[in-house]
Undergrad: 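Sharing a structure here in structure tokens format.
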Amino acid sequence: GAGVSQSPSNKVTEKGKDVELRCDPISGHTALYWYRQSLGQGLEFLIYFQGNSAPDKSGLPSDRFSAERTGGSVSTLTIQRTQQEDSAVYLCASSLTSGRNMRAEETQYFGPGTRLLVL
Amino acid sequence: AQKITQTQPGMFVQEKEAVTLDCTYDTSDPSYGLFWYKQPSSGEMIFLIYQGSYDQQNATEGRYSLNFQKARKSANLVISASQLGDSAMYFCAMREGGRYGGSQGNLIFGKGTKLSVKP
């Protein structure tokens with residue numbers, strides 16, 4: 001079956017512009033996660049959705065970052081007024097469930113990522 | 001304190017030999033999951049193997065096995081019969097169940113081990 005897809009695969013933008021990154025999770029997966037991977041910071045968690053709601057947005061690096069998920073499916077991560085330090089690979093993952101009792105169904109499957117370069 | 005520690009920044013292994021990649025973790029949550037992911041140079045994060053904290057047996061998936069030593073808080077990945085295609089970054093990750101709060105179900109990653117398989 002289809003895996004997690006992300007678009008665009010690459011994005012080059014100028015400092016100060018807004019960008020939108022899209023994630024399409026595996027069909028039927030209720031949980032969706034955004035991570036950022038950069039050379040200096042490793043893999044950093046940004047935000048998590050259970051259905052359409054994000055219980056805690058404190059992982060987002062600044063108020064220039066926002067995310068939404070509609071219809072329990074596609075999610076969009078928006079970065080406003082991009083800065084050079086936003087350059088990174090943005091990874092999206094989805095899992096079948098997300099609960100407090102750890103099970104194999106919690107396994108997160110990742111998309112190919114969006115490579116963002118801010119000039 | 002780091003929750004996931006991978007002490008080997010780089011490893012070399014001869015083709016067809018077995019290799020062990022080390023991972024130690026730190027959590028007070030009784031319910032947690034441990035994961036290994038492979039990231040080739042293409043950038044995609046590929047799920048390899050999962051071990052739940054309550055699982056009695058070590059997980060195995062084909063050539064991958066997880067040496068889970070709960071008392072030592074270690075979850076080493078063993079790759080048997082290495083192949084050239086195994087050359088990649090390998091990440092150990094943990095997801096806490098969040099029974100005591102503070103977890104959103106996100107993965108906490110180690111810094112990774114770069115494995116190079118020599119012909």
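Convention: sequence-line order gives letters A, B, ...; per-chain numbering from 1.
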Undergrad: Quick check: is Y90(B) connected to V117(B) through a chain of hydrophobic side chains (ILVMFWY, heavy atoms under 4.5 Å apart)?
TA: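 Yes, one cluster joins them.
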Undergrad: What part of S53(B) gets within 4.5 angstrom of chain A, counting heavy atoms only: side chain, backbone, both, or neither?
TA: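 Contact with chain A involves no heavy atom of S53(B) at all.
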Undergrad: Treat each ILVMFWY residue as a node, draw an edge where side-chain heavy atoms are under 4.5 Å apart, and state whether F35(B) and F45(A) are in one component.
TA: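 Yes; F45(A) is reachable from F35(B) via cluster members.
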Undergrad: May I ask you to check whether over 12 heavy atoms, not counting those of K111(B), lie within 6.0 Å of atom NZ?
TA: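 Check fails, neighbour count at 12 or below.
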Undergrad: Is it the backbone or the side chain of F47(B) that comes under 4.5 Å from a heavy atom of chain A, or both, or neither?
TA: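 Side chain only.
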Undergrad: Under a 4.5 Å side-chain heavy-atom rule over Ile, Leu, Val, Met, Phe, Trp and Tyr, are Y32(B) and L48(B) clustered together?
TA: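 Yes; tracing contacts between hydrophobic side chains, which count when under 4.5 Å, links both residues.
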Undergrad: In Å and rounded to the nearest 0.5 Å, what is the CG to CE distance from L43(A) to M89(B)?
TA: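 L43(A) atom CG to M89(B) atom CE measures 9.0 Å (nearest 0.5 Å).
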Undergrad: When heavy-atom pairs shorter than 4.5 Å are enumerated against chain B, which of Q108(A), R115(A), E44(A) gives the highest number?
TA: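 It is Q108(A).
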Undergrad: Are more than 12 heavy atoms, taken from residues, nucleotides or ligands other than K16(B), located less than 6.0 Å from that residue's NZ atom?
TA: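 No, because the 6.0 Å sphere around NZ of K16(B) holds 12 heavy atoms or fewer from other groups.
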Undergrad: Any idea which heavy atoms bring L107(B) and Y35(A) closest together, and the distance?
TA: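 The pair with the smallest heavy-atom distance is N-OH, 2.8 Å.
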Undergrad: Mind listing the closest non-hydrogen atom pair of R95(B) and Y33(A) along with its distance?
TA: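 Shortest heavy-atom separation between R95(B) and Y33(A) comes out as NE-OH, 4.2 Å.
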Undergrad: Please classify the contact between Q37(A) and chain B as side chain, backbone, both or neither, with a heavy-atom cut-off of under 4.5 Å.
TA: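 Looking at Q37(A), just its side chain touches chain B.
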Undergrad: Report yes or no: do Y50(B) and L21(B) belong to one cluster of Ile/Leu/Val/Met/Phe/Trp/Tyr joined by side chain heavy-atom distances under 4.5 Å?
TA: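 They do not share one cluster, since no chain of ILVMFWY contacts under 4.5 Å joins Y50(B) to L21(B).
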Undergrad: Locate the shortest heavy-atom distance separating Y37(B) from T107(A); write the atom from each residue and the value.
TA: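 So the two residues come closest at OH-CG2, 4.4 Å.
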Undergrad: Do other residues, nucleotides or ligands put more than 12 heavy atoms under 6.0 Å from L39(A) CG?
TA: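 Not buried by this count: 12 neighbours or fewer within 6.0 Å.
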Undergrad: Taking all non-hydrogen atoms of both residues, which atom of E44(B) and which atom of F110(A) are closest, and how far apart?
TA: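 Closest approach of E44(B) to F110(A), heavy atoms only: OE2-O, 3.7 Å.
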